[in-house]
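Working notes for the structure below.
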Amino acid sequence: MEISQLETETLTAIAAAGSLETLDSVRVAALGKQGSVSLLLKTMGQMSPEERQIQGPLLNGLRESVTAALAARKAVLEAAALDQRLASERLDMSLPAPHAPTGSIHPVSQVMDELAEIFADMGFAVAQGPEIEDDWRNFTALNIPETHPARAMHDTFYFGLNDAAGGKRMLLRTHTSPVQIRTMTSQRPPIRIIAPGRVYRSDSDATHTPMFHQVEGLVIDKGIHLGHLKWTLETFLKAFFERDDVTLRLRPSYFPFTEPSVEVDVGYAWINGKRVMGGSENWMELLGSGMVHPKVLTHCGIDPMVYSGFAFGVGVDRLAMLKYGMDDLRAFFDGDARWLAHYGFDALDVPTLSGGVSP
Ligand code: DAH
């Protein structure tokens with residue numbers, strides 16, 4: 001075949017190649033081991049020197065023009081392929097971000113945050129104590145001596161006698177009330193604290209779990225009386241349930257660490273099968289409270305002739321169930337992601353009094 005004809009045909013095939021794959025087969029057909037151009041180049045070996053002098057430059061020229069055309073076409077096809085990819089993989093940055101799977105705030109944490117916010121507004125600080133407590137702070141100092149029947153009612157988880165604890169009997173605190181003792185023995189009045197946290201009792205059914213949450217409140221100052229207690233609880237419950245018509249009923253009761261002791265009920269009604277706070281149709285026992293017993297003050301080195309105070313204790317889980325409508329306490333601690341997704345709260349919805357304590 002004529003060199004010029006072969007060149008025309010090959011260059012036409014190169015120009016016509018619509019994809020990198022086709023271009024590569026054109027390249028193999030021309031410059032591959034058995035390719036048309038390669039075979040032609042091999043014929044130079046059999047040529048006479050004179051012939052080679054003429055044909056050599058022509059053949060090399062052919063190879064060079066084919067090689068150059070292949071490279072140029074390859075660059076064009078590669079650029080087109082890149083353009084196509086860029087077009088198909090384009091990101092529209094103005095689209096809203098897709099919903100990212102995130103964790104949520106457990107209702108117990110949410111309610112504790114709400115409580116801290118409400119009480120902070122009334123000047124209360126948040127106090128904490130250990131979950132492993134000693135017998136003295138959990139019972140004795142709270143006027144629950146060894147033989148007191150209230151001890152039996154607490155279904156306490158005890159640890160064995162521990163020499164490291166000075167031979168003291170340690171236990172899992174059965175209530176947050178020992179934080180009262182810790183606070184009164186470490187700071188002087190005036191005292192205004194709440195103490196939220198975990199407590200433990202050997203008890204389990206739909207409304208009792210071996211671990212649950214309480215929040216303790218304590219106010220100690222000169223001249224504190226039952227009226228302060230009533231106002232505080234009323235203000236707290238109205239803010240918590242976010243209604244002004246929350247009704248309270250104070251009933252005389254008994255706790256070893258308060259005198260007098262009052263149990264606080266809240267009124268509610270059933271409306272369309274839902275419990276709605278307010279009114280006096282039904283009453284539900286909500287929390288225990290009272291004036292701090294003079295013996296408890298004395299145990300903590302506070303003179304009951306100078307100071308008085310009130311205390312209260314309430315179940316946090318119970319508050320969460322009432323406010324957010326859950327009915328089985330056990331589900332709180334199952335760690336079921338579906339339950340958490342349903343009842344959990346957005347981490348960015350921090351309760352504030354100005355923005356509303358619940359989302
Ligand atoms: N500690 C009590 C309990 O767990 C609750 C309680 C009642 C706490 C009356 C108080 C109080 O501070 O005054 O059952």
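Atoms within a ligand are numbered from 1 in the order they appear, just like the ligands themselves.
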Worksheet item: Would you call the rings of Phe333 and His213 parallel, tilted or perpendicular, where under 30° means parallel and over 60° means perpendicular?
Response: tilted
Worksheet item: Where do Glu242 and Lys323 land on the salt bridge (charged side-chain N to carboxylate O under 4.0 Å, His left out) test, with the steps shown first?
Response: CA-CA 10 Å; Glu242 292 173 274; Lys323 184 165 175 179; 3.3 Å; yes
Discussion item. Let's go through Phe312 and Phe124 carefully: what are the C-alpha distance in whole Å and the side-chain angles of both, what is the deciding distance for ring pair (Phe, Tyr, Trp, His ring centres under 6.0 Å) to 0.1 Å, and is it a yes or a no?
Written reply: CA-CA 13 Å; Phe312 60 88; Phe124 285 66; 7.0 Å; no
Practice prompt. Quick one: look at Phe310 and ligand 1, take heavy-atom pairs under 4.0 Å, and tell me if it's side chain, backbone, both or neither.
Written response: neither
Discussion item. Taking 4.0 Å as the limit for heavy-atom contacts, which would you say applies to Ser177 with ligand 1: side chain only, backbone only, both, or neither?
Written reply: side chain
Suppose I only count heavy atoms of [X] and a 4.0 Å limit; which atoms of ligand 1 are within that range?
| X | result |
| --- | --- |
| Gln180 | 12 (O) |
| Thr258 | 13 (O) |
| Gly290 | 13 (O) |
| Ala311 | 12 (O), 13 (O) |

Worksheet item: What do you reckon, are the aromatic ring centroids of His225 and Trp231 less than 6.0 Å apart?
Response: no
Fill in: Residue from Arg169, Arg182, Arg173, Arg198 passing salt bridge (charged side-chain N to carboxylate O under 4.0 Å, His left out) with Glu133
Arg182
How close does the nearest protein non-hydrogen atom get to [atom], and which residue and atom is it?
| atom | result |
| --- | --- |
| atom 12 (O) of ligand 1 | Glu216 OE2, 2.6 Å |
| atom 5 (C) of ligand 1 | Gly313 CA, 4.1 Å |
| atom 3 (C) of ligand 1 | Arg201 NH2, 3.6 Å |

Fill in: Closest contact, heavy atoms only, Gly309 versus Ile220
CA-CD1, 4.0 Å
Using distance alone, decide if ligand 1 has a nitrogen or oxygen within less than 3.5 Å of any nitrogen or oxygen in [X].
| X | answer |
| --- | --- |
| Gln214 | yes |
| Gly217 | no |
| Thr174 | no |

Worksheet entry | NZ (Lys295) with more than 12 external heavy atoms under 6.0 Å | no
Worksheet item: More than 12 foreign heavy atoms under 6.0 Å from CG of Asp92: is that the case here?
Response: yes
